[in-house]
2 protein chains.
Amino acid sequence: MSKSAAKRLIPSLPTLPDLPGATRRQQYSSSTKRALVEAASELFTEHGYAATSLDSIVAAAQVTKGALYHHYSGKQAVFEAVFERIETEAAASIAKAVKGVKDPWRKASAGLRAFLDVVQDPTYRRVVIQEGPAVLGYERFREQEERSSFAIVLEVVNNVLSAGPWELDQPMIDTFSRIFFGALSSAGEGVAASDDPEAASARVEAAIGFMLMGLRSLVDQGIEFVDPVTGNSSALAE
Amino acid sequence: MSKSAAKRLIPSLPTLPDLPGATRRQQYSSSTKRALVEAASELFTEHGYAATSLDSIVAAAQVTKGALYHHYSGKQAVFEAVFERIETEAAASIAKAVKGVKDPWRKASAGLRAFLDVVQDPTYRRVVIQEGPAVLGYERFREQEERSSFAIVLEVVNNVLSAGPWELDQPMIDTFSRIFFGALSSAGEGVAASDDPEAASARVEAAIGFMLMGLRSLVDQGIEFVDPVTGNSSALAE
DNA sequence: CGATTTCACGTACCGGCGGTACGTACTAAG
DNA sequence: CTTAGTACGTACCGCCGGTACGTGAAATCG
């Protein structure tokens, strides 16, 4: 038998409303990639990474494994593409929420609400929170997060801490940010898993808000913070 | 060909210093299980769940797949056994650290230190934190944690919050606990990933301690906490 | 103490899945 | 029109998780 025909699987080529400035080849290419990422995104969300076969992905995307392997180096690369898309969207959503808010405390509050919204998205929960670390490995997972959602948390926390009379160095600010980030992730998961997300979300806001109040109280009292590493005890601002 | 012999793989049966009150069969059984769990623990830690084949596990444990499938229903069940062992050990370690400490704030501090120690263990990081949610699924993961390490955090947080003038209901305490738990996990990961774990650990202690100070300050000021769900604004204790 | 049952494995095999090798049609460039 | 490269499609392989079944030693029973 011959290797038989290798005709395009979708003869009725769908609308290619991609980038108008690109050639037909590039349009085909990017539309195929989009179809793959979208299909993979759904399947990963529903069944998880391990339980999603490449065959099912390419079937849902109306292409074949050859196409997939032409664009991506393998299954993990597809996952990574999905991950990056979700993370980018999430970061943009949160960034939008905090944009323009001047008061650091209100900014933190706005960011918190946006974060709690994001974490309700099933795809985000599954792909980023649940399977991200295991599939990408902790290193790559960290890198990705550091570039997107964590960066925003860092900025917000930085703003809040700068409101205090302290001079904190970068490692210390990072530490605070990590703590808040972890708190938010965990709390967000709790919210998403709750049978009454509304109430749970309100509780989280209240709890975090209360802790922020605590920090603020220390600020107002002019309590000094002693860096355990540098030994710098940041005194009051003049 | 006949199915050939099915002689025991380890004819020189090793010392069976297990439970003296058990029969030989039970001793064989539990020693095999221990060997499997230990081998799997090492391999999972080093290569991760997906990259560890059952063949490699049974080879390291000096048994065959038949033995493994006799004791466990499959690969995931083996992972679960490893997970449970690690979690139990970790919980015991932390519980020991907080045991006997009376002052809630000091108790929290001691627990924090113990937690930061636990999270340095590569097996704990890999099996519990990194791959636990993905392999077990978030539901089972949660259940397991709730029974062990999270339970301790809950208790400690409960103690701390009870020190305040507030009357918090269970969901609110849970929320605070989740927040702290997430903060600790994330911070712990940061510590473990740092190139100077000592310094990083000190920073985390300082940061968390500072936030506890904030809470304490609110306590001292008699600030009331308003539950957003119940609407209860817990006034001062008289 | 012999017979029978039960348990704790060992062996052989299967189906599915990730990955690869290679072939082909369509496109853009000259 | 030729030519080179791209964007796929097809056939196949090796590994791995899981299963079916066999076997001998230990417990149980009469």
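Within every chain, numbering begins at 1; the chains are lettered A, B, ... in the order of the sequence lines, protein sequences first and strands thereafter. Keep in mind the model is a prediction, meaning the values are calculated, not measured.
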Take atom CG of A:L36 and atom C1' of D:dC8, then tell me their distance rounded to the nearest Å.
11 Å
Would you call B:E87 and B:R147 a salt bridge, taking side-chain N to carboxylate O under 4.0 Å as the test?
no
Rounded to the nearest angstrom, tell me the gap between atom CG in B:L68 and atom P in C:dT11.
15 Å
Between P on D:dG9 and CG on A:D55, what's the gap in Å once rounded to a whole number?
13 Å
Just how far, in rounded Å, is C1' of D:dA25 from OH of B:Y28?
9 Å
Could a donor-acceptor pair under 3.5 angstrom be found where the side chain of B:K65 meets the base of D:dG17?
yes
Give one of base, sugar-phosphate or nothing for B:T52, where a contact means two heavy atoms less than 4.0 Å apart.
sugar-phosphate
Hey, which sits more toward the 5' end of DNA chain C by its nearest nucleotide, A:Y49 or A:G66?
A:Y49
To the nearest 0.5 Å, what is the distance between CG (B:D121) and CD1 (B:I86)?
6.0 Å
Grab the CD-C1' distance between B:Q62 and C:dC9 for me, whole Å please.
15 Å
Before accepting this row, confirm whether a basic side-chain N of the pair A:E146/A:R178 lies closer than 4.0 Å to the acidic partner's carboxylate O.
yes
Mind calculating the distance between OH (B:Y69) and P (C:dA12) to the nearest angstrom?
18 Å
Could you tell me whether B:S73 contacts a base, only the sugar-phosphate backbone, or nothing, with contacts defined as non-hydrogen atoms closer than 4.0 Å?
nothing
Compare the minimum distances between each of C:dG18, D:dG17, C:dG10 and the side chain of B:A67, then state the nucleotide with the smallest one.
C:dG10
Closest approach to the side chain of B:S29, judged atom by atom: which nucleotide of D:dG18, C:dG18, C:dA8 is it?
C:dA8
Looking at A:T32, does any N or O in its side chain come under 4.0 Å of the phosphate oxygens OP1/OP2 on D:dA7?
no
Could you tell me whether A:R126 sits above the aromatic face of B:Y138, with NZ or CZ closer than 6.0 angstrom to the six-membered ring centre and within 45 degrees of the axis?
no
Ranking C:dT20, C:dG10, D:dT6 by distance to the side chain of A:H70, first place goes to D:dT6
Spacing of A:K33 atom NZ relative to D:dC8 atom C1', expressed in whole Å
14 Å
Do the side-chain N or O atoms of A:H71 get closer than 4.0 angstrom to the phosphate oxygens (OP1, OP2) of D:dC8?
yes
Among C:dG10, C:dT20, D:dT10, which nucleotide sits nearest the side chain of A:T64?
D:dT10
With heavy-atom distances below 4.5 Å as the criterion, would you say the side chains of A:F150 and A:R142 are in contact?
no
Length of the line joining A:L54:CG and C:dT20:P, which is rounded to integer Å
11 Å
Where the side chain of B:S53 is concerned, which of C:dG10, C:dG18, D:dG17 is the nearest nucleotide?
D:dG17
